[in-house]
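Structure, as structure tokens:
Model, not experiment: these values are computed from the prediction. Numbers for residues simply follow the sequence, beginning at 1.
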Amino acid sequence: TSQASEENVMHSYPAKIASTLGKECENHAIPGNSNEYIFHNFMEIITKATDIDFVIVGWTSPIREVWYAHGRYWQMLPCWCSTTEDITKPYGYVKKTTPSWSETDPQVVCDQKVYLNDLDNLYKLLTRHKWDETEYIKNRQHYVTAVRSYCSAKNIKLIETYWYDKIDGVEIDLKQVGPWHYERRHPNKQEHIDIANLIMKKYNL
């Protein structure tokens, strides 16, 4: 299934904050995103935006690869990998499924069966020869520093969150709200409301 539906976006914590404050929300997040993609997407969008009240950047776990090429999204996570033309639609094809997510037996999903073997091989290649957590954490800190520097220079209010491991200077830990992280799922509708309230209280919005 897809987790980037319009309904999910509508009930996301950025949308809840904007609704409470009577503001318009532009949500550019995608499920399974990487910190690198978050950074480049931020720089692509923020330089063209006007009338910004504040920006929310939700940093994610360090080891993830996401890219867009030739009309397709490619995503590689430790427990899951996918390729699809439209991330808002169900994938349709699955090579492996397991009762619980596992780094040794990931889900391999896509919208066209022809990509299943390519995905499996890409996953094995990246985990064997590229995924070094120390390097990914170092790179994420570079993205964090660059985003903060840009917002400071442009006088843009920046709100940052994290959910995986602690990032220096990021005060909102999404794991504070509900058991979603320990139950290996995304936050539900009520948890998004609680996260929105936590952010608004912390930043006096």
Side-chain angles (χ1 to χ4, degrees), residues 1-15 25-46 48-49 55-133 136 139-140 143 147 161-164 174 180-181 183-189 191-192 195:
T1 61
S2 170
Q3 300 185 58
S5 68
E6 290 184 9
E7 183 178 3
N8 282 350
V9 173
M10 180 177 64
H11 294 299
S12 66
Y13 66 85
C25 176
E26 289 191 17
N27 192 329
H28 298 278
I30 63 173
N33 213 349
S34 69
N35 291 300
E36 180 183 22
Y37 198 92
I38 289 170
F39 167 70
H40 290 300
N41 203 32
F42 170 87
M43 295 305 300
E44 176 72 18
I45 294 166
I46 200 70
K48 302 172 184 176
V55 174
I56 301 174
V57 177
W59 300 110
T60 190
S61 54
I63 300 184
R64 291 184 172 192
E65 291 282 349
V66 177
W67 65 92
Y68 185 79
H70 309 297
R72 303 189 65 81
Y73 288 95
W74 296 80
Q75 297 175 291
M76 299 282 164
L77 282 66
C79 57
W80 178 76
C81 54
S82 74
T83 183
T84 181
E85 292 181 352
D86 187 345
I87 60 173
T88 68
K89 295 181 179 179
Y91 297 104
Y93 295 94
V94 180
K95 184 171 183 181
K96 305 177 195 173
T97 56
T98 57
S100 61
W101 288 348
S102 166
E103 293 186 15
T104 58
D105 190 15
Q107 284 194 322
V108 181
V109 297
C110 62
D111 59 350
Q112 296 181 35
K113 189 176 182 179
V114 68
Y115 290 103
L116 287 176
N117 286 334
D118 285 345
L119 273 173
D120 199 15
N121 290 332
L122 275 171
Y123 172 84
K124 292 173 182 175
L125 180 68
L126 288 174
T127 55
R128 185 177 299 120
H129 299 298
K130 189 176 190 297
W131 286 5
D132 181 325
E133 187 170 19
Y136 277 79
N139 291 341
R140 182 182 60 188
Y143 307 142
V147 166
T161 70
Y162 73 94
W163 65 270
Y164 187 78
L174 301 185
W180 64 272
H181 176 69
E183 294 177 357
R184 302 175 75 89
R185 59 175 175 82
H186 291 97
N188 59 32
K189 182 179 177 180
E191 287 164 340
H192 273 277
I195 290 169

Could you check if a side-chain atom of Met76 sits within less than 4.5 angstrom of a side-chain atom of Trp67, using non-hydrogen atoms only?
yes
Test side-chain contact (heavy atoms from CB on, under 4.5 Å) applied to Tyr115 and Val108, step by step
CA-CA 9 Å; Tyr115 290 103; Val108 181; over 6 Å; no
Which pairs, with at least one residue in residues 30-46 and sequence neighbours excluded, count as a side-chain hydrogen bond (donor to acceptor under 3.5 Å, both in side chains)?
Glu44-Lys48
With sequence neighbours left out, write down each residue that passes side chain to side chain contact (heavy atoms under 4.5 Å, CB included) with Phe39, or none if nothing qualifies.
Met43, Tyr143, Ala146, Val147
Atom pair CG/CD1 of Asn27 and Ile56 - distance to nearest 0.5 Å
8.5 Å
Close side-chain approach of Trp80 and Val109, heavy atoms under 4.5 Å
yes
Tell me, do Thr60 and Trp163 make a side-chain contact under 4.5 Å, heavy atoms counted?
yes
Answer yes or no: is there a donor N or O on one side and an acceptor on the other, between the side chain of His192 and the main chain of Ser12, under 3.5 Å?
no
Quick check for you: to the nearest 0.5 Å, what is the distance between Leu77 atom CG and Leu126 atom CG?
11.0 Å
Around atom CD of Gln112, are there more than 12 heavy atoms of other residues, nucleotides or ligands at under 6.0 Å?
yes
Taking the side chain from Thr83 and the backbone from Tyr73, do they hold a donor-acceptor pair closer than 3.5 Å?
yes
Can you measure from OG1 (Thr84) to CD (Gln75) and round to the nearest 0.5 angstrom?
9.0 Å
Any idea which heavy atoms bring Cys81 and Leu119 closest together, and the distance?
SG-O, 4.2 Å
Asn121: what forms a side chain to side chain contact (heavy atoms under 4.5 Å, CB included) with it, not counting sequence neighbours?
none
Nearest non-hydrogen partners of Trp74 and Ala69, listed with the distance
NE1-O, 4.2 Å
Closest heavy-atom pair and its distance - Pro78, Tyr123
O-OH, 2.9 Å
Can you list the residues that meet the side chain to side chain contact (heavy atoms under 4.5 Å, CB included) rule with Tyr136, with sequence neighbours excluded?
Pro62, Ile63, Glu65, Lys130, Trp131
Quick check: closest heavy atoms across Ser61 and Arg64, and the distance to 0.1 Å?
OG-NE, 3.0 Å
Spacing of CG belonging to Leu116 relative to OH belonging to Tyr91, to within rounding of 0.5 Å
13.0 Å
Which heavy atom of Thr127 sits nearest a heavy atom of Lys124, and at what distance?
OG1-O, 3.1 Å
For Val57 and Phe42, what are the C-alpha separation, side-chain angles and deciding distance, and is it a side-chain contact (heavy atoms from CB on, under 4.5 Å)?
CA-CA 8 Å; Val57 177; Phe42 170 87; 4.1 Å; yes
Closest heavy-atom pair and its distance - Leu174, Trp180
O-NE1, 3.2 Å
Taking only residues two or more places apart in sequence or in another chain, which ones pass salt bridge (charged side-chain N to carboxylate O under 4.0 Å, His left out) with Lys189?
none
Which pairs count as salt bridge (charged side-chain N to carboxylate O under 4.0 Å, His left out) when at least one residue sits in residues 69-82, sequence neighbours excluded?
Arg72-Glu85, Arg72-Asp111
